[in-house]
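See below for the structure under consideration.
Letters A, B, ... are given to chains in the order of the sequence lines, protein chains preceding strands, and every chain is numbered from 1.
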Number of protein chains: 2
Amino acid sequence: MSNDEKIYQQILKAIIEHQLPPGARLPEDSLAVAFGVSRTGIRKVLQRLALEHFVVIVKNKGAQVNRPNETEALEVLDSRILIEPQLIHELLPHWNTTHSQTFRTMVQEENSAEQNSQLADSIQLTARFHYELAKLSGNRILAAFVEQLCYRSSLILAAYGTRGSVSCDGGDHSKLLDLLDKKDANNAEKWMRDHLKHIKASLILESREEQNIDFKRLFSR
Amino acid sequence: MSNDEKIYQQILKAIIEHQLPPGARLPEDSLAVAFGVSRTGIRKVLQRLALEHFVVIVKNKGAQVNRPNETEALEVLDSRILIEPQLIHELLPHWNTTHSQTFRTMVQEENSAEQNSQLADSIQLTARFHYELAKLSGNRILAAFVEQLCYRSSLILAAYGTRGSVSCDGGDHSKLLDLLDKKDANNAEKWMRDHLKHIKASLILESREEQNIDFKRLFSR
DNA sequence: GGGGGGGGCATTGTATACAATGGGTCGAGA
DNA sequence: TCTCGACCCATTGTATACAATGCCCCCCCC
């Protein structure tokens with residue numbers, strides 16, 4: 001893996017695990033010394049992260065970790081609801097006992113992370129479950145897109161998620177595996193859709209609009 | 001629009017219109033003098049184009065316009081087949097006569113471009129029809145993804161498309177508008193799926209594998 | 001005491017210089 | 001004449017220098 005890629009992975013990991021919380025500033029200089037490279041390399045990574053919506057770069061003000069707003073959160077979940085259930089049909093023909101084993105191991109990791117109250121690990125493992133599944137579809141473009149959506153979901157869950165919305169996953173995911181083992185495409189698809197809708201519904205979206213306050217209306221007597 | 005953005009748009013346009021054909025090299029220096037900036041600005045744009053799969057950057061060898069292979073072409077079309085038909089349901093509630101007018105005008109442009117044998121224009125207008133439609137879904141994330149897929153499709157059509165696969169679109173697109181005007185969601189969805197499948201089927205994918213030649217097998221007596 | 005303006009500092013934007021890599025060409029030897 | 005090798009040039013990778021911007025604080029004036 002190239003050096004840039006390593007830096008990218010490390011920063012992305014830190015963002016997803018909320019070691020770099022939403023809103024955190026990412027000064028080029030500090031990162032440059034931290035990784036032992038010049039600002040040039042850091043800028044490249046930051047711009048990639050910006051294109052993928054993990055950070056926001058404001059001209060002449062630099063980068064900070066994206067703080068997804070309500071609209072973005074809902075759109076990410078809606079995108080997943082539209083795509084992931086359909087991928088079930090694509091991946092089921094390839095599904096075999098080896099995959100089943102691998103994914104059941106992953107579910108166990110999720111459960112133990114959850115029981116130890118390692119929220120960050122739990123969220124990340126949940127994301128991984130979903131995008132590893134997407135990869136089995138065989139369509140690398142869609143798999144990459146789902147992967148990005150899952151990572152963005154990690155950010156969203158950490159910001160708007162309730163404990164319940166994350167922790168119910170462990171049990172849930174193994175149910176999907178049962179359906180896949182039975183080659184029950186329709187119920188597996190339905191399960192996936194309901195699962196994602198459940199997560200979407202569990203988000204706490206305080207609807208106080210911080211933006212677009214209509215001062216004129218507000219202060220007209 | 002920022003300066004970078006302008007450069008990005010110009011290069012992207014040139015790629016989609018095949019003024020920069022697949023495989024064309026994009027030396028940083030030449031582009032830098034062409035746009036009157038230093039290599040720094042060009043590199044940023046090229047890396048963005050690379051992340052979006054319009055160019056390929058090979059370390060120490062630079063950038064060239066992506067030449068989509070068979071697999072990539074099929075995956076792009078499959079992605080669109082999975083997403084776009086479903087978006088019909090999302091956009092139909094917002095569909096009104098104003099939209100209808102706008103899109104019918106677009107179809108006319110497509111037809112005239114096609115009649116004048118302006119293949120590049122025709123391909124691009126077709127792409128635009130699809131992603132403008134996607135934008136009406138209200139989900140900006142999916143719309144942006146579809147937009148990217150449509151642009152990639154332009155590259156693919158120019159490389160693998162038959163004249164028929166492009167030119168049949170003009171008449172086709174207006175049929176979809178009729179269905180949308182009738183608020184016939186199911187048939188509009190079906191139309192979209194068939195339309196994309198038709199395009200996919202019309203690609204000429206010569207299956208001579210240029211890569212991964214198995215010399216060992218080839219030359220073992 | 002409060003508000004507005006100016007200056008300094010921290011940070012990013014852009015260009016350029018130098019290092020490193022890859023490919024192509026020219027020449028020597030078989 | 002063909003092949004292998006070394007050198008050179010074109011191009012990219014990386015670091016650094018300087019310019020430009022924005023923010024914050026302080027001071028001055030009202």
Seminar exercise, completed: Heavy-atom contacts, protein to nucleotides 11-16 of chain C, under 4.0 Å, summarised as B (base), S (sugar-phosphate only) or - (none) per nt, yield SBBBBB
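- Applying the Watson-Crick and G-U wobble criteria (two distances, each under 3.5 Å), D/dC30 pairs with C/dG1.
- Going from atom CD of B/Glu75 over to atom CG of B/Asn69 covers 8.5 Å, rounded to the nearest 0.5 Å.
- Crowding of B/Lys197 atom NZ: a count of heavy atoms from other residues, nucleotides or ligands under 6.0 Å not exceeding 12.
- Salt-bridge annotation for A/Asp29 and A/Arg39: absent, with no side-chain N of the basic residue lying under 4.0 Å from a carboxylate O of the acidic one.
- Each of B/Arg152, B/Arg67, B/His53 was checked for a side chain to side chain donor-acceptor pair (under 3.5 Å) with B/Glu72, and the lone residue meeting it is B/Arg152.
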For this session: Would you sort out whether A/His195 and A/His173 count as a ring-ring contact (aromatic ring centres under 6.0 Å, His included), showing the intermediate values?
Result: CA-CA 9 Å; A/His195 174 62; A/His173 281 171; 5.0 Å; yes
